[in-house]
Amino acid sequence: MRKIKKIVSLAVTIALVGSLAGCGSSNSSGSSGTSEGGDTSTSSGDKPYVAVVSKGFQHQFWQVVKKGADQAAADLGVTITFEGPASESDINDQVNMINSALSKKPSALALAALDTQAVSSQLAEAQKQGIPVVGFDSGVPGAPEGQVAANAATDNYNAATIPADKLLEVETIVEKIKGATAASPVAIGVVSQDATSASLIDRTKGFIDRAFEKCEELVGAGNVEVVGHDSYNKKATGEAIVKIVVNVPPTTSATDVQNSAQAVLATENLIAIYGSNQGGVDGILAASNDGSDFNKENGKYKDIVAVGFDSGKGQKTAVEKGWFLGSVTQDPYQIGYQAVALAVKAMNGEKVSDVDTGAKWYDQSNFNDEDINQLLYD
């Protein structure tokens with residue numbers, strides 16, 4: 001009888017230990033599972049594993065990037081993990097995530113680096129192990145040649161031509177430009193948050209170049225000039241009938257950007273204004289009572305047409321209410337999708353090159369369309 005009791009007791013103990021062993025810890029909040037129903041393992045059967053490490057995780061922008069990456073994983077038959085630090089200032093956290101990913105021997109690594117210098121040893125290690133690295137979003141700027149195979153990112157210059165095109169389709173704007181004279185030139189304002197970031201330079205230059213081209217078509221070659229900042233200035237060779245006025249604040253502080261926007265809005269005969277990123281647009285909004293001054297019925301700046309780049313709560317509201325003509329947004333879904341697609345090609349030994357993930361124009365008419373709304377973030 002005692003022998004039977006001992007056997008029963010041993011069986012109960014084994015069952016209890018087994019049940020406790022099954023209560024493992026879950027992944028941290030800064031990471032996600034694969035496209036295979038949330039499985040966080042590094043493989044699914046014989047499927048190759050691609051590690052995706054982004055600049056962030058919590059922000060809606062990165063959640064849409066993840067959505068695109070998950071879809072690409074499902075379409076292309078690979079397993080992925082998608083993770084990023086809680087904040088885009090948590091460089092060490094991202095480095096640790098990359099180290100963890102490399103320890104799992106992925107078939108490829110997709111990376112949006114917070115700091116290229118901080119991940120230099122990880123890039124070298126991936127190259128040593130024969131693990132191809134592809135960049136996405138801002139990629140891995142300045143990485144040594146050969147360590148990053150290609151990038152999936154927005155061509156900011158091309159994207160910035162979109163709001164210029166849309167602006168120069170507005171009949172009242174075209175009429176004002178055609179009616180301008182050297183004695184009374186019209187002005188198009190540009191608020192650019194800084195003149196050092198490569199992406200912002202492209203977003204500023206893309207808009208200026210296209211607006212310059214379109215305006216010359218309306219008033220003749222040599223009759224358009226760009227003023228306000230040495231990086232973009234271009235003198236008219238004839239009479240300056242249209243002036244593109246660029247203002248870059250001394251710092252990126254909200255106050256300085258707002259002051260820059262106020263200076264542009266005070267420009268004589270201003271007919272339009274463009275903000276080249278969310279920070280620039282936020283400055284314009286702050287200088288215009290959250291955009292309500294552009295109200296076409298009774299706003300202080302009702303005769304000025306505003307366009308922007310990026311998204312953000314205030315910008316979305318201004319577009320939805322029709323205070324802004326519209327804005328252009330990156331396509332985070334395609335950023336995620338093409339990052340994984342490039343990684344799969346690279347790991348299969350295919351030749352890869354940079355992919356422009358595109359941008360979308362949104363305005364009051366398409367604001368609530370599903371394919372647009374998912375690309376708009378706060």
Side-chain angles (χ1 to χ4, degrees), residues 27-32 50-69 80-104 106 108-127 129 131-156 193-203 251-253 277-279 309-312 329-340 342-343 346 354-355 357 377-378:
N27 274 14
S28 66
S29 60
S31 64
S32 85
V50 176
V52 183
V53 181
S54 74
K55 285 184 173 182
F57 188 78
Q58 307 291 354
H59 196 281
Q60 184 183 346
F61 178 90
W62 296 114
Q63 289 298 308
V64 179
V65 173
K66 176 188 177 299
K67 187 176 179 180
I80 70 167
T81 50
F82 187 106
E83 55 189 342
S87 165
E88 293 187 24
S89 62
D90 295 333
I91 296 172
N92 287 337
D93 287 352
Q94 188 187 58
V95 171
N96 291 334
M97 289 174 178
I98 297 169
N99 286 335
S100 176
L102 291 176
S103 72
K104 299 170 186 175
L109 169 67
L111 173 63
L114 288 171
D115 185 319
T116 301
Q117 291 297 319
V119 300
S120 59
S121 62
Q122 285 73 24
L123 292 173
E125 181 62 24
Q127 189 176 38
Q129 294 184 29
I131 300 170
V133 177
V134 299
F136 65 97
D137 187 47
S138 58
V140 192
E145 187 175 352
Q147 290 189 347
V148 177
N151 292 284
T154 305
D155 185 323
N156 286 293
Q193 191 179 32
D194 71 59
T196 57
S197 164
S199 62
L200 272 182
I201 290 172
D202 283 347
R203 292 180 182 190
T251 75
T252 59
S253 73
N277 75 329
Q278 184 175 341
F309 199 121
D310 275 333
S311 185
T329 179
Q330 299 182 82
D331 191 335
Y333 184 90
Q334 279 300 315
I335 289 173
Y337 193 100
Q338 296 300 331
V340 173
L342 277 177
D354 291 353
V355 173
T357 53
Y377 40 88
D378 293 336

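For reference, positions follow the sequence shown, starting with 1.
Residues Val65 and Pro332 form a side-chain contact, since some pair of their non-hydrogen atoms from C-beta on lies under 4.5 Å apart. Side chains of Thr357 and Tyr333 form no contact here, defined as non-hydrogen atoms less than 4.5 Å apart. Side-chain contact between Leu114 and Glu88: present, with at least one pair of heavy atoms (C-beta onward) separated by less than 4.5 Å. Under the 4.5 Å side-chain criterion, counting only non-hydrogen atoms from C-beta, Ser199 is not in contact with Asn277. Taking the side chain as every heavy atom from C-beta outward, Phe309 and Leu200 never approach each other to under 4.5 Å. At least one side-chain heavy atom of Gln94 sits under 4.5 Å from a side-chain heavy atom of Leu111. Annotation: side chain of Val119 is in contact with side chain of Val95 (closest heavy-atom distance under 4.5 Å). Counting heavy atoms from C-beta outward, Arg203 and Asp310 have side chains that approach closer than 4.5 Å.
Note that CG of Leu109 and NZ of Lys104 are 11.5 Å apart. Values are rounded to the nearest 0.5 Å. To the nearest 0.5 Å, atoms OG1 (Thr154) and CD (Gln334) are separated by 10.5 Å. Atom-to-atom distance recorded for Ser121:OG and Ile98:CD1 is 9.0 Å, nearest 0.5 angstrom. Rounding to the nearest 0.5 Å places CG of Asp155 at 11.0 Å from CD of Gln330. In this structure, CD in Gln117 is found 11.0 Å from CD1 in Ile91, a value given to the nearest 0.5 Å.
Taking each heavy atom of Gly135 and Val140 in turn, the nearest pair found is CA-CG2, 4.4 Å. The shortest non-hydrogen separation linking Ala108 to Ile131 is CA-CG2, 3.8 Å. The two residues Ala149 and Val134 come nearest to each other via the heavy atoms CB-CG1, 4.3 Å. Residues Ile201 and Ala195 come closest through the heavy atom pair CD1-O, 3.5 Å. Scanning all heavy atoms of the two residues, the minimum distance from Ala112 to Asp137 falls at CB-CB, 4.3 Å. For the pair Gln58 and Gln63, the tightest heavy-atom approach, listed with the atom from each and the gap, is O-CG, 4.2 Å.
A distance-only check finds a donor-acceptor pair linking the side chain of Ser103 to the backbone of Ser100 [under 3.5 Å]. The main-chain N or O of Pro141 is found under 3.5 Å from a side-chain atom of Thr116 such that the two form a donor-acceptor pair. A donor-acceptor contact shorter than 3.5 Å links the side chain of Ser54 to the backbone of Gly56. Under the 3.5 Å distance criterion, the side-chain polar atoms of Asn151 are left unmatched by any main-chain donor or acceptor of Asp354.
Ring planes of Phe82 and Phe136: tilted class, angle from 30 to 60°.
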Walk me through it: do Lys55 and Ser138 pass the test side chain to side chain donor-acceptor pair (under 3.5 Å)? CA-CA 9 Å; Lys55 285 184 173 182; Ser138 58; 2.5 Å; yes
